[in-house]
Amino acid sequence: MQEEKQTSTVYPGDMPIAALQGVGAKRAESFAKAGVTALSDLLHYYPRAYQNRGDVRDLAQIRECTGGGESLTCSAVLTVGTEPQMRMIRKGMTLVKFSAFDESGTCEITYFNMDYVRRTFHVGASFRFFGQFRYDYGRVQVTNPIYEPWVEGRVLPSLVPVYPLAAGLGQKLLYQCTGEALMRMGGCLTEYLPAWILREASLPSHSWMVNVLHRPQTLEQLEAAKKRLVFEELFLQFVCMAQNGGGAKIPNRYPLTWRDISRFTACLPYDLTDSQMKCLSEIAGDMAGEYAMNRILIGDVGSGKTVVAALSAYLAIRSGCRAALLVPTEILAAQHYRELSVLFEKLGIGTVLLTGSTGKKKREAVLASLRDNGLTMDEHGASLIIGTHALLTDDVQIDRLGLVIIDEQHRFGVMQRSAILEKGEDCHCLFMSATPIPRTLSLVAYGSLNVSSIDALPRGRQPIDTFIVNSSYHARMLNFIRKQAAEGHQTYIVCPAVEEQTLKKEKEETDAENLTNLSLFDITAEPRTDGMYPAAVQTRIEDALTPDAPPLKAAVTYAETLAEELPELQVGLVHGKMKPAEKDAVMDAFCRGETHVLVATTVIEVGVNVPSATLMIVENAERFGLSQLHQLRGRVGRGDAKSYFILVSDSHEENAMARLKILKDTANGYEIAQADLEMRGAGDFITGTGVRQSGQSMFRLAANCRDTDFMEHTARLAKELIGEDPELTEWPALREKVDRIRYAGSHMEN
Ligand code: ADP
Ligand code: MG
């Protein structure tokens, strides 16, 4: 993604992150990996949640709230009452214990593996402890609470930001760095919205918002800042849409003259569903109408959008123009090409493929065949062009391009979408998407497009059986894979792609959290003479602290292990870091059934169609978004054979399991999206990365906004502004932000 610097004056926001104290080359690199290179990036790296440490209770209150067995996350100001005692629980694992009190009671405090705290807590000293308090065995207890020395008269922050972590970046570092960055430039962040808009929408300034998001003083402030953040996100989208014409009608230059699909359908091994027919006739109606088509075709995964798109292309081509199909990944482009070129060949229509890995010579030949070279369409063949971004470069000129189809449109940035549309003059435009978007958001998502929706799956599809298991099922799973292979079927296994370093950090945080959740009555039992606890107790401690928490399955090592476990089967591997040609080869082999098992990252999430695959296994399923899992499930069940979807997760989090269960309960993408949205609490409100990432995540914040009036008001303001100043010449900073959204979507393969 190219970001043009519009000014040359030195603005503190452009200062490199390394200018901060405590940020050397190594940390700067970690920051860069998280997308933070300049101070202003850091200030826009927002917390994902807040700890409300200002919620200080006295022990009597805590006791009252936790008496029924619940826990309470809050603070208590306590004075240390007994000298800390240290014990070994097992090799290399220590426990420090002491009691502390306030006027209303006493509390037992325990720290695991932090024996240095012994030196901090002396009888008589006071601290503010923040943690999850419980009442167990007649005592209020807390494990590994956060502690801050309490001095009468000194004010401690009450709302403490929790940042999204990245490799090499911890909370403390992020807190310090954002503090320093705020000091250096928190006051000089420019406002990029016109004052009248702030007034109309009752919003605080940008600079105020940034300061509050990092260092909120009160919950009220935080609410106001979040409101502005949601507004910003929606507003930028709406401005983008308004600038793109907001549905201005273009006269139809390529009216449909051919409507007979019989030759095409005769080549299909199935009949179109009513739903597909309905969508096709809406599309044909548009293309025959007074204005150029501007339509989105939505339909759940596996609903058969491709054939509808292909038919649309067929009609356009028969009516005398070319059609282009733009897809987000090379794997998908290759697949569409494989399937459609055969079909179109039978109909006497030539197809070409153009991706980043198309060789130079080949590319030149293809380009030459697409230019206006005086030949008639029939003479130079290629009328259907399938490609990735490689289609978007300036040297690609497509003569008589009348229809552009964009598959998985949410994967493209606005800029890319318009780049392809510019290849044709006033061409028809068909978007496709399987991403279910809650109704309130369709306005933001689709703006002025007409919508066709495939509501029913093709007949004869058997429901896919969904299972949630933990990794103790691995051996049984291997047998199941063998069984599928014996029946001529294939298996996908998807692993999350996460860096090792990040994993380590996360594990540390999870451990700390598990410890906090461990019920303490266990530990209050006296150890035996050998310093160990009774077996049952010991097990619970080890469970909580398990240093060998199951490692996240990384695709590469997973594939290696699997190949050893299944020597009689062929195991393939595909991930985003492979060269396109390698990916193609692997996918081809899988399509042809030469490999039985394909281990993959989510590169296969989108659109891949291998009907003989009947088993999809997702490792560390808790890592994935529900809609993403739903997409993955859509990779199987594409043929006649019974298909299975197995979610493997060792997560102990209640919420994670409840989320996965939704997939078991429903196969409806829309319901899944809605449920996912409802389950993500306010804690996920701010994601920190939401603004930077493209695609679905661009709706992350807005997705939490159920306030339709607010959204409509925001849309109105955007339209008004663009009405007054279409190019945003008076608002360069705003224009820069809007342009950034345009360019977003260029990181499409993972
Ligand atoms: P998606 O909507 O997710 O892009 P595809 O277009 O890839 O789905 O279609 C999924 C599968 O369904 C393909 O194998 C396709 O051949 C098949 N299919 C499409 N339409 C029908 C139909 N009317 N009857 C039976 N199978 C169909
Ligand atoms: Mg598709």
Side-chain angles (χ1 to χ4, degrees), residues 261-262 264-281 283 295-314 325-344 346 386-388 405-412 430-436 451-464 489-490 492 587 590-591 593 602-614 616 627-641 643 645 667-670 672-673 695 748:
I261 57 169
S262 56
F264 189 112
T265 50
C267 298
L268 294 175
Y270 48 77
D271 294 329
L272 293 177
T273 63
D274 292 346
S275 213
Q276 284 170 319
M277 282 305 289
K278 180 197 73 184
C279 291
L280 183 64
S281 72
I283 290 167
R295 186 171 284 276
I296 183 158
L297 174 61
I298 55 179
D300 216 340
V301 275
S303 59
K305 294 183 289 297
T306 313
V307 70
V308 175
L311 271 159
S312 316
Y314 174 72
L325 173 58
L326 180 68
V327 300
T329 66
E330 299 223 354
I331 288 180
L332 201 49
Q335 172 191 299
H336 281 324
Y337 181 72
R338 238 186 342 256
E339 290 172 1
L340 297 181
S341 59
V342 177
L343 185 61
F344 277 76
K346 285 186 199 155
I386 298 176
T388 57
I405 302 168
I406 303 182
D407 196 5
E408 310 289 347
Q409 60 92 24
H410 61 276
R411 291 256 176 158
F412 291 95
L430 180 64
F431 299 99
M432 298 201 283
S433 180
T435 309
V451 178
S452 289
S453 125
I454 306 185
D455 308 312
L457 293 183
R459 280 173 289 271
R461 288 278 171 79
Q462 300 183 45
I464 299 163
H489 299 148
Q490 292 147 281
Y492 293 102
M587 290 310 295
F590 190 66
C591 281
T602 49
V603 280
I604 58 149
E605 172 195 337
V606 183
V608 172
N609 185 36
V610 180
S612 55
T614 51
M616 165 66 74
S627 294
Q628 205 179 7
L629 289 170
H630 180 61
Q631 283 275 342
L632 287 170
R633 175 161 60 185
R635 297 310 115 218
V636 294
R638 297 186 155 241
D640 303 328
S643 292
F645 184 49
N668 178 314
Y670 176 78
I672 289 169
M748 273 178 303

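Counting convention: from 1, in listed order, for ligands and their atoms alike. Remember, predicted model here, so these are calculated numbers, not experimental data.
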Please determine whether side chain to side chain contact (heavy atoms under 4.5 Å, CB included) holds for the pair Leu430 and Val308, giving the CA-CA distance in whole Å, both sets of side-chain angles, and the decisive distance to 0.1 Å.
CA-CA 11 Å; Leu430 180 64; Val308 175; 5.7 Å; no
Hey, could you give me the [atom1]/[atom2] distance between [X] and [Y], rounded to the nearest 0.5 Å?
| X | Y | atom1 | atom2 | value |
| --- | --- | --- | --- | --- |
| Ile386 | Phe344 | CD1 | CZ | 8.0 Å |
| Phe431 | Lys305 | CZ | NZ | 15.5 Å |
| Thr614 | Asp640 | OG1 | CG | 12.0 Å |

Of Leu268, Val610, Leu457, Asp271, the one whose closest heavy atom lies nearest atom 23 (N) of ligand 1 is Asp271
So between Gln631, Lys305, Glu339, whose heavy atom ends up nearest atom 2 (O) of ligand 1?
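The option holding the nearest heavy atom is Lys305.
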For Gly634 and ligand 1, answer yes if some heavy atom of the residue is under 4.0 Å from a ligand atom, otherwise no.
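Gly634 does not count as a contact of ligand 1 under the 4.0 Å cut-off.
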Could you tell me if any non-hydrogen atom of Gly299 lies under 4.0 Å from any atom of ligand 1?
no
Can you list the atoms of ligand 1 that are under 4.0 Å from a heavy atom of [X]?
| X | result |
| --- | --- |
| Ser303 | 2 (O), 8 (O) |
| Asn609 | 13 (C), 14 (O) |
| Thr273 | 23 (N) |

Non-neighbouring partners of Glu339 that pass side-chain contact (heavy atoms from CB on, under 4.5 Å), sequence neighbours left out
Gln335, Asn609
Atom of Gln490, atom of Phe590 and distance for their closest heavy-atom approach
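Minimum heavy-atom separation between Gln490 and Phe590: NE2-O, 2.5 Å.
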Select one of side chain, backbone, both or neither to describe which atoms of Thr306 lie under 4.0 Å from any atom of ligand 1, heavy atoms only.
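Contact part for Thr306 vs ligand 1: both backbone and side chain.
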Check Gln276 against ligand 1 and report side chain, backbone, both or neither, counting heavy atoms closer than 4.0 Å.
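The answer is the side chain of Gln276.
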May I ask you to check if ligand 1 and Val307 share an N or O to N or O distance below 3.5 Å?
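There is no such contact.
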Give the intermediate values and the outcome of side chain to side chain contact (heavy atoms under 4.5 Å, CB included) for residues Tyr270 and Val307.
CA-CA 11 Å; Tyr270 48 77; Val307 70; 3.7 Å; yes
